[in-house]
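Counting convention: from 1, in listed order, for ligands and their atoms alike.
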Amino acid sequence: MPKTWWRGAAIYQVYLRSFADGNGDGFGDLAGLRARLSYLADLGVNAIWLNPWYPSPMADGGYDVADYRDIEPVFGTLAEAEKFIEEAHGLDIRVIIDIVPNHGSDQQVWFTEALSAGPGSAARERFWFRSGHGDGPPNDWQSIFGGPAWTRVPDGEWYLHLFAPEQPDLNWNNPEVIEEYHDVLRFWFDRGVDGIRIDSAALLIKDPDAEPDGQDPFTDRDGVHEIYRGWRRVADEYDERILIGEVWLPDQERFARYLRPDEMHTAFNFDFLGSAWSPASLRASIERTLDTHVPLGAPATWVLSNHDVARPVTRYGRADTSWANDDRRDKAPSDLALGYRRARAAALLAMALPGSVYIYQGEELGLPEVEDIPDELRQDPMWTRSGHTVPGRDGCRVPLPWSGSAPPYGYSTAEPWLPQPAGWQELTAEAQETDPGSMLALYRTGLRIRAELLGDGTMTWLELRDLGTGVLAFTRESGLTCVVNLGPGPVPLPPHQEVLLTSGPVEAGLLPADTSAWLR
Ligand code: GLC
């Protein structure tokens, strides 16, 4: 298995809308990103993954794509996107874009054609149109954002949408759909894109008419793999272009199927992301991950956050650190100082493990989840579709603080599309830049050491039983040892020649609780 860039990469996720605004309209854009590329180069990342940047009515933050072969005007132009790819490559940073195959936008030309062409038309065959049962929908499927998964159109038929009604599901049994996406992949590979993040990858095959057959009616159906074999053939027409799956499946054996050598290159590790901050849970997740990946020769990925989940600083500061709280409005308060310490320790753990690591924008600044966005300003369809019971994902999508002491903190010259909190002046990139104890400094140093001593490869657990069950420790083939203290009190560091980096102060050779150390 050749060692290639993506196997051990540090990949930075840019949520473009909230990264940096270059034209003063309150929305992040390509101009803002291009102006901050040197920040990402200094941080030491190998690749950028951008959430969807295509024209979109933004019913779901761009995951409702109206046109795959262009750029959303609020973000910029296709010419700017090409410039951005060239500039990123100039800094030795690869570019990964997001493709959303499960659904389109209701403003996409295919869907408007389907509506006007009417029942029984070929245009409707690209989607899932059905007649209902009496006055009700064709079946009882529920949308992942809440409410029924079917919406009725004026001529009486219903169409399927596993997400919002503005995101009609495509029919992947239709060869035209398959061809279209192959063409879209080539469109972007031809423009130099290095990788594709595949949205909702396990949901594409479904059959609303089928009698129950023991499989879930729309998740991880066996037929989905043929689609990715086709995508892999397209990727392999080019030099080193990769496919990364958003595959949320609790069953590791089923998950592993997506990583077979003729399918995707890697997939997000939601098992690790969802793990509670506990030694047993994290160790079990790491072991499950490696047991799944190693036999396939596929590198693992290590992810602590993304644009869909609560920020680790806030999650790890709660009594219950599992992510089950994300959907609740009545959450217990979080001890942010504790969460911050743990997030620092978690960062060194994730960066030390074998494989690639993902950093969601703002993670390197230690941003907390913003939990008090006024209800009338919330944008996530989960909030409205759940009947205002699920707060949704806006709290991790708040625009980044770059500089200054008050909103918009250098993000824009206008009012940001989502409000930033007061009190983030110490979290700006500018404030952290010169502070060696900052989260930004920890990520920079961590990534610099990682580039030399970590990344792709193998690990060996160190059994430090005399330190109790709260300590996780492992060594990498470079000789670097990572020790994470998840126990209640300080523990002595295992024998070492040199302390390379710690997530918190080590005094008299003792590693405090909720602290990690890299030793040699
Ligand atoms: C994925 C995206 C999420 C989006 C959904 C529907 O889970 O990460 O943000 O809402 O797919 O496209």
Side-chain angles (χ1 to χ4, degrees), residues 11 13-19 28 49-66 68 72 96-108 111 127-128 141-147 149 151 160-170 172 181 184 195-204 206 218-220 224 243-250 255 258 264 266-271 273-274 301 303-311 323 326-327 358 360-363 369 378-386 390-398 418:
I11 300 167
Q13 180 188 352
V14 169
Y15 196 75
L16 199 51
R17 233 179 161 190
S18 301
F19 187 74
W49 151 37
L50 295 112
N51 293 97
W53 58 357
Y54 319 100
S56 165
M58 298 280 163
D60 179 22
Y63 283 92
D64 46 325
V65 178
Y68 266 113
E72 163 59 40
I96 297 162
I97 60 166
D98 212 315
I99 296 273
V100 190
N102 181 66
H103 43 266
S105 153
D106 63 347
Q107 303 302 310
Q108 191 184 353
F111 194 72
F127 299 91
W128 291 99
W141 292 3
Q142 293 295 298
S143 143
I144 292 163
F145 289 159
T151 290
L160 176 69
H161 51 85
L162 290 181
F163 293 91
E166 295 89 348
Q167 296 167 294
D169 277 43
L170 289 159
W172 277 87
Y181 273 83
V184 166
I196 303 289
R197 180 257 188 196
I198 309 171
D199 185 70
S200 302
L203 301 181
L204 272 49
K206 60 212 70 167
F218 54 74
T219 308
D220 188 38
V224 78
L243 304 175
I244 306 157
E246 189 207 16
V247 183
W248 298 80
L249 293 177
F255 171 88
Y258 292 78
M264 300 172 187
T266 65
F268 294 107
N269 190 344
F270 294 112
D271 191 86
L273 192 164
T301 67
V303 190
L304 292 171
S305 69
N306 67 27
H307 65 294
D308 291 330
V309 299
R311 293 237 183 228
W323 63 357
D326 277 27
D327 287 351
Y358 283 80
Y360 173 48
Q361 68 178 41
E363 195 181 302
E369 181 80 359
R378 291 187 189 276
Q379 312 259 338
D380 187 353
M382 282 184 116
W383 165 245
T384 34
R385 301 262 317 157
S386 68
V390 176
R393 303 159 294 177
D394 294 320
C396 65
R397 299 174 178 181
V398 169
L418 267 180

Could you go through ligand 1 and note, for every N or O atom, any protein N or O atom closer than 3.5 angstrom, writing the atom names and distance to 0.1 Å, or 'none'?
from: ligand 1; atom 1: 7 (O); to: Glu246; atom 2: OE1; distance (Å): 3.3
from: ligand 1; atom 1: 7 (O); to: Glu246; atom 2: OE2; distance (Å): 2.8
from: ligand 1; atom 1: 8 (O); to: Arg197; atom 2: NH2; distance (Å): 3.0
from: ligand 1; atom 1: 8 (O); to: His307; atom 2: NE2; distance (Å): 2.9
from: ligand 1; atom 1: 8 (O); to: Asp308; atom 2: OD2; distance (Å): 2.5
from: ligand 1; atom 1: 9 (O); to: His307; atom 2: NE2; distance (Å): 2.9
from: ligand 1; atom 1: 9 (O); to: Asp308; atom 2: OD1; distance (Å): 2.7
from: ligand 1; atom 1: 9 (O); to: Arg393; atom 2: NH1; distance (Å): 3.3
from: ligand 1; atom 1: 10 (O); to: Asp60; atom 2: OD1; distance (Å): 3.3
from: ligand 1; atom 1: 10 (O); to: Asp60; atom 2: OD2; distance (Å): 2.6
from: ligand 1; atom 1: 10 (O); to: Arg393; atom 2: NH1; distance (Å): 3.0
from: ligand 1; atom 1: 11 (O); to: Asp199; atom 2: OD1; distance (Å): 2.9
from: ligand 1; atom 1: 11 (O); to: Asp199; atom 2: OD2; distance (Å): 3.1
from: ligand 1; atom 1: 11 (O); to: Ser200; atom 2: OG; distance (Å): 3.1
from: ligand 1; atom 1: 12 (O); to: His103; atom 2: NE2; distance (Å): 2.9
from: ligand 1; atom 1: 12 (O); to: Asp199; atom 2: OD2; distance (Å): 2.8

Open item on the list: Does the plane of the ring in Trp172 sit parallel, tilted or perpendicular to the ring in Tyr181? Use 30° and 60° as the thresholds.
Closed with: tilted

Task: Mutual orientation of the aromatic rings belonging to His307 and Tyr15 [parallel < 30°, tilted 30-60°, perpendicular > 60°] - done: parallel

Task: Residues Arg197 and Asp199 bridged, charged N to O under 4.0 Å - done: yes

Open item on the list: Over 60° means perpendicular and under 30° means parallel, so tell me whether Phe268 and Trp49 are parallel, tilted or perpendicular.
Closed with: tilted

Task: Non-hydrogen atoms of Trp128 and Leu170 that approach each other most closely - done: NE1-O, 3.2 Å

Task: Carboxylate-amine/guanidinium contact Asp380 Arg393, below 4.0 Å - done: yes

